[in-house]
Amino acid sequence: TGHQKPGLADRVTLGVEGMTCGSCVQSIKGRIGALPGVFHIQVSLEQSNATVTYDHTRHSPESLAEAIEDVGFECSLTNATSAPVQTETKVFSTAACSTDSIQQARSTLAQTEGVVETQESADHRGLAVTSVPSLVSAERLGDVMSCLVPDAHEGPSSRSSVEAVKMRIEGMVCLSCTTTIEGKIGKLKGIEKIKVSLESQEAAVLYLPCVIMVDEIVNQIEVAGFKAIAKSKPRQLKLSASEVERLLSAHKQEEKVSEPCTDSSITTVFQLTGMHCKSCVVNIQDNISKLPGVSSVVVSLENRQATIQHNPKQTSAVELQKAIEALPPGDFKAILPASPVPGFLQPLVSVAEIHIEGMTCGSCVQSIEGMISQKKGVRSAQVSLANHQGTFEYDPLVTTSEELRAAVEDMGFDAFLPGNPSPSVRSSSLSPVWSAVKENEAESDAEPATNTISKCFIQIGGMTCASCVANIERNLKNEHGVHSVLVALMAGKAEVRYSPSIIDPQRIAEFIRELGFTAAVMEDCDGSDGTLELVVRGMTCASCVHKIESNLMKQKGILYASVALATNKAHIRHDPEVTGPRDVIRWIENLGFTASLVKKDRPGSHLDHSCEWKRSFLISLFFCVPVMGMMIYMIIVDHQIDTSHHHNATAEDREKYHSTMFLEKQLLPGLSIMNLISFLFCVPVQFIGGRYFYGQAYKAVKHRTANMDVLIVLATTIAFTYSVVILLVAMVEGAKVNPITFFDTPPMLFVFISLGRWLEQIAKSKTSEALSKLMSLQATEATVVTLNDDMSVLSEEQVDVELVQRGDVVKVVPGGKFPVDGRVIEGHSMADESLITGEAMPVTKKPGSTVIAGSINQNGSLLIKATHVGTDTTLSQIVKLVEEAQTSKAPIQQFADKISGYFVPFIVGVSFLTLVAWILIGFVNFPLVEKYFPGYDKSISEAEAVIRFAFQASITVLCIACPCSLGLATPTAVMVGTGVGAQNGILIKGGEPLEMAHKIQSVVFDKTGTITYGAPKVVQVKMLAEGNRMPRSKLLAIVGTAENNSEHPLGAAITKYCKQELATESLGTCTDFQAVPGCGIRCLVSNTENLLKRDDSEENQHNAALIQISDTSSDHPLIMDPQPLTVVQTSSFAVLIGNREWMRRNALQVRADMDEAMTEHEKRGRTAVLVAVDNELCAMVAIADMVKPEAELAVHTLTAMGLEVVLMTGDNSKTARAIAAQVGIRKVFAEVLPSHKVAKVEQLQLAGKRVAMVGDGVNDSPALAMADVGIAIGTGTDVAIEAADVVLISNDLLDVVGSIDLSKKTVKRIRINFVFALIYNLVGIPVAAGVFMPVGLVLQPWMGSAAMAASSVSVVLSSLLLKCYTKPSAEKLERRLGEVRRHGSLSEVSVHIGMGELRRPSSKLSLLDRFVNYSRASINSLRSDKHSMNSMALSEPDKHSLLVGDAHCEEEII
């Protein structure tokens, strides 16, 4: 019944000024329309007015005008008159309707435009609805209230009302995107209106839920190529409180099948499968509710359940089941709740987890679910697009998991079984709600209220890539009792939070072992709580300290806080899960103090010794010069005496002559001026200049070795002590003749040796810069954002990267560095991770992907959630590896030390012999001693004279024996060697690598950027279209133009190739460019004709006649008549470039022979890209990372030199194998992490080999530091160059051979130097020992100095001869190798994956895992689609053995 009356509603038209566009209209409508009491608002932009229908008890025209002005527009009431509006009240009967449905109807009415009020009628039997007929029609009200007819279904009562939904749309870049979406979605049935905003990346959609579902809209938007996420969930999915209650009680009483609600009716819960969307729900509810005896039907799409209240006398549960299954389209399956029967009668239910590759959108998911759920024996099918995973419940008696897998494959996807799932017997009525709850629990990182969560750390070995991490995280989360898992790949550890009541760390480690990794529980892990050191300013007294400490300790997550007033420092221990440095600093600042992090010096910033040696050298030099001057003076004087007396001067002559010399004048008896000056100059040298030598010698002696330092210290100390003692004796005795002293030895020795050491240190000091370089790769600041519940950004702030906490959301803009390791939560982009992985190809990043600190974000803005911060990031781990490698590397025992090791005992032995011999001679034949003992004083006894003479002789031997050129032998050769190396493009840092390189037995090459260029190049363009339709030059012009806008390395390679081929720099114009990461690009190309006019000269037209379609011998070249291109059409071409998947999405068929050709390229580790112009496949472009031309020669030369050559790469095994075969390497380690590279090098070293590592990336730097000789490619990263010992400037691999060759030559030269160094002294020893005394050859003081000078000069000259070195040229090496070379075949290459021996084969490491290892596409994040890769791995004959795992291949794969 309805009657009309002028009611509460009035209408007024207000003038509105200042509106400029539709969005102004929308904002006024939105703001004013939302006011309570406003029934309708119509805003006109043209007439600048707003017509408002409102409740006059609540509003007046003035209040409305004010509200509009609040929105920010001018509002005038000049001719605004309010007129009452006709309203109409209808009463709808609500008899036999549930309170829920009445409630729902009322809420729907409240939101319907034009409804003024809804009241219960006086008799409480109906609803009185007052509405404005001009705004809402009677039919519309009837539609809304249709649910209140007694036989209406309960549930979504607002079936025919218009619903609004807001969606977030990703991937829109320009206005054409918005128009595409509006156009496509607007045409769909049931869509009333759609508005897409590019700025906010959102769409507002008005739709009829009875016709179309939100999921369908989302799918349609995805088909258009964009990603949509519904922000406001559609209303009808909400269950009322009573229903939820009922649903839950149904689970809790699983044994009680029925639960009487009234005397006659019971509630039965069915498990339903086969529902896809809301319309299925409506279908079931509508039809089942019409059955006799059914009082209510509630169907839940999420839980896949139907809860039906019915009278079992009228309709039994079995009848209901049949009725549901009979409903069109016949896909529904209803599973009756299990009656409490004995366990053996329960049906077997197995769950198969199938890994599915090749799904691209929601429609793939639906088609798989639809198909599989119809198979016999399948209970339910759930497919996740994000995890590439399908979970199928089935009856193992009817079907098997292998059959299901095959069924998925038949649909055109790739499916793998992860293992053999064991059939689990479980009651089929077990509700999936609980498993869903469990899953959420596993993923929630928040601590549940109970405090029974513990945390443990597990050291994991054998992880090679991100998929290993995902594998461990995924499997552990599914274990009962595990709450969260966080795995750090580089550190090789996992942090697991678990319930100790259910599971213990040992069990968790066991689970990880079952997955095929090594795992050990870390007992004392410092990672469990974070420590902070802060500088706190502004504290004045002890109360400040107390205030800070007590306040901090109150905060959640702070375990310990201590503040020191004297040092202004605070030490804080905290739980990184709960809080972090930023919060702590904020708390302290809120108390009124300022706090900042203490900047730590990097540990292991190696002490720079070069300044010590420099100081030592300068001190020695300063004091040595006068002593040397006096020595030379004495030598000259002696010479003059000899010449004046015609070489027969007697000792007396000499003595007389000396005493008249100024230097020989005695100040005190026995102390001449010369000896005094020498002594004074010698003291500082001995004790200041030589103090480092003493330190080093002490260490050596402590370790029971005699190195060069021991020799020097021994010689100088003995010389100095002996000289001082003999002087004192002479002074005590008042000797007339000045004793022979050796004060000149220490200064001279120290000068030469410290000079050598200083030169060496200069060369060495370069290496310690490596770590500072590494740290500079890290971003210094991060933008931390705060998010709303709906993922919109509330605020953002720039913070120091050290203050980023775990769990923070960080925004990374295009071109920015990732400040921390994390997971993407929003946005799509590509990231350049060449820094860490060494691979030049960018990697696609989408929500859920992990990102690495230090890598560079390329083209899209990303929001990431920090998972590892501070010292846990991958970059910090690499720094740590480099540091450890540099400190743990055993220093090479240098040649000089080795010689000293033999020389010291030898000299000591000789001097001891001299001592014994002279004592014996003295006692046997005293006159002999008397004859040769200068200044023999008759006052001392014979015995004393003999002993003094013997000591003097033996010590003279010691003093003369130590050659100062010993210190120069190595450094001078090294200086010259490194200089010559530098001229030849080989930078060698210091002596160790030079001395080491000739001992190398194994050379390990990195692949990307070392053996190959590291940048993709076009290898082949294969034409597929007929030449007259699409000449090659025209195609190249089109393709080059299309890819000119692409930022992708593959695109850049194609453009470069086209420009080279067409010999031009300018290309055509490209519009509507769209790139889909992982698939390809689409665009329109025009203006390519000007390129061709120039290119199609006469000769080219003749050449065009002979376009060869393919480079395979089976195809004949197609001959055609040259048709002059007279008409130049200026047309535009629609171009598609991408992988098979991209062509498939764009409805282009890839022919079998094409597929084969692409597979052929992919086998060789190349990327094959298809080109379509105007929807016709025209060409295939093969792109590869090219091997450097000299690589093969270098490898063969090294092999010919008897070295073992190994290839080690982070890339997949297929590419690695192809490239190894190409250059002739027999042993390959593929998919290796930076930390594994170090371990591999160590493994080789432990096997007793000397290892050289050749690399270019940051990921190689730890291995370069660890290897006996690290060789970096000059075009590589700074870090690698810093960490290496040798740098090849010219990027030429033959220089590896060159550096080994140069090393051999240098070492040879060093050995010759030692001969020169020792020869003079070895001659001098017998003279000093007095062997030649009978011939009259007695040791003169100058002889020691002369021997020293001569040996030093000889050594330097000998070293300079190295300057003549030339490195071997390619031609020379080619000739030397001759015909020995032959190409290696693929089968000869042995490939080891990951850490090889360290990874145990496991029961669960099934075929799938091997498969995954093999099918990781060569650049799988790129355009090489997954499908082709896997099918290829299957079809490849010589690798079939790898997949099946024959015995002889088993150890190769590991």
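Of the listed residues (T1010, D1260, V1004), just one forms a side-chain contact (heavy atoms from CB on, under 4.5 Å) with M1208, and that residue is V1004. Results of the side-chain contact (heavy atoms from CB on, under 4.5 Å) test with V1205 over T1197, V1223, I1225 single out I1225 as the only residue that passes.
The closest donor-acceptor contact from the side chain of T873 to the backbone of V869 lies at 3.5 Å or more, if one exists at all. Listed for the D1292 side chain is a donor-acceptor partner under 3.5 Å among the backbone atoms of L1294. Not one N or O on the side chain of R1309 forms a donor-acceptor pair closer than 3.5 Å with the backbone of L1362. Distance alone, capped at 3.5 Å, is enough to place a donor-acceptor pair between the Q1001 side chain and the R1250 backbone. Of the possible polar contacts, none joining the D1285 side chain to the P993 backbone as a donor-acceptor pair under 3.5 Å is found. Formation of a donor-acceptor pair under 3.5 Å by the S1303 side chain with backbone atoms of H998 is found in this model.
To the nearest 0.5 Å, atom CD1 of residue I1271 and atom OG of residue S1299 are 4.0 Å apart. Rounding to the nearest 0.5 Å places CZ of R1217 at 12.0 Å from CG of L1207. One finds the CG atom of L1198 at 10.5 Å from the NE2 atom of H1196 (value rounded to the nearest 0.5 Å). With rounding to the nearest 0.5 angstrom, the CD atom of E495 is 4.0 Å from the CZ atom of F457. Within the model, atoms CD of E1231 and OG of S1213 stand 5.0 Å from one another, a figure rounded to the nearest 0.5 Å. Rounding to the nearest 0.5 Å places CD1 of I512 at 4.0 Å from CD1 of I460.
For the pair M1253 and A1267, the tightest heavy-atom approach, listed with the atom from each and the gap, is CB-CB, 3.6 Å. Between A1216 and T1209, the shortest heavy-atom contact is CB-CG2, 3.6 Å. Contact between S1002 and I1000 at its shortest, heavy atoms only, is O-CG2, 3.3 Å. Nearest heavy atoms, P1262 versus V1238: CB-CG2, 3.2 Å. Shown here for I458 and A509, the closest heavy-atom pair between the two residues is CD1-N, 4.0 Å. Across G1298 and Y1365, no two heavy atoms sit closer than the pair O-OH, 3.5 Å.
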Are I1273 and L1293 close enough, and set up right, to give a side chain to side chain contact (heavy atoms under 4.5 Å, CB included), and what steps lead you there?
CA-CA 8 Å; I1273 303 290; L1293 285 183; 3.9 Å; yes

Using the side chain to side chain donor-acceptor pair (under 3.5 Å) rule, take Q696 and K699 through it: C-alpha gap first, then chi angles, then the decisive distance, then the call.
CA-CA 5 Å; Q696 302 288 342; K699 284 182 195 154; 4.8 Å; no

Could you walk me through whether V1195 and L1193 pass side chain to side chain contact (heavy atoms under 4.5 Å, CB included), step by step?
CA-CA 6 Å; V1195 170; L1193 177 58; over 6 Å; no

What do the steps show when you test I1219 against K1007 for side chain to side chain contact (heavy atoms under 4.5 Å, CB included), and what is the final call?
CA-CA 8 Å; I1219 281 179; K1007 178 181 77 74; 3.8 Å; yes

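Applying the salt bridge (charged side-chain N to carboxylate O under 4.0 Å, His left out) criterion to D1295, with sequence neighbours excluded, gives K1367. Under the salt bridge (charged side-chain N to carboxylate O under 4.0 Å, His left out) criterion, D1301 pairs with K1305, not counting sequence neighbours. Residues passing the salt bridge (charged side-chain N to carboxylate O under 4.0 Å, His left out) test with K1249 are E1204, sequence neighbours excluded.
For the pair K1188/T1012, no side-chain contact is recorded, criterion being any heavy-atom separation below 4.5 Å from C-beta on. For the pair F517 and I472, the minimum side-chain heavy-atom distance is below 4.5 Å. Taking 4.5 Å as the limit, every side-chain heavy atom of V1228 sits out of range of all side-chain heavy atoms of F1005. Looking at heavy atoms from C-beta onward, N984 lies out of side-chain contact with L1302 at the 4.5 angstrom threshold. For the pair S855 and I852, the minimum side-chain heavy-atom distance is below 4.5 Å. Side-chain contact check for M1201 versus I1300: some heavy-atom pair is nearer than 4.5 Å. Using a 4.5 Å heavy-atom threshold, the side chains of E1192 and Q1222 count as separate. Contact of the D1185 side chain with the P1016 side chain is not registered, since no non-hydrogen atoms from C-beta on lie closer than 4.5 Å.
Here K1237 pairs with D1006 in a salt bridge; the nearest charged N to carboxylate O distance falls below 4.0 Å.
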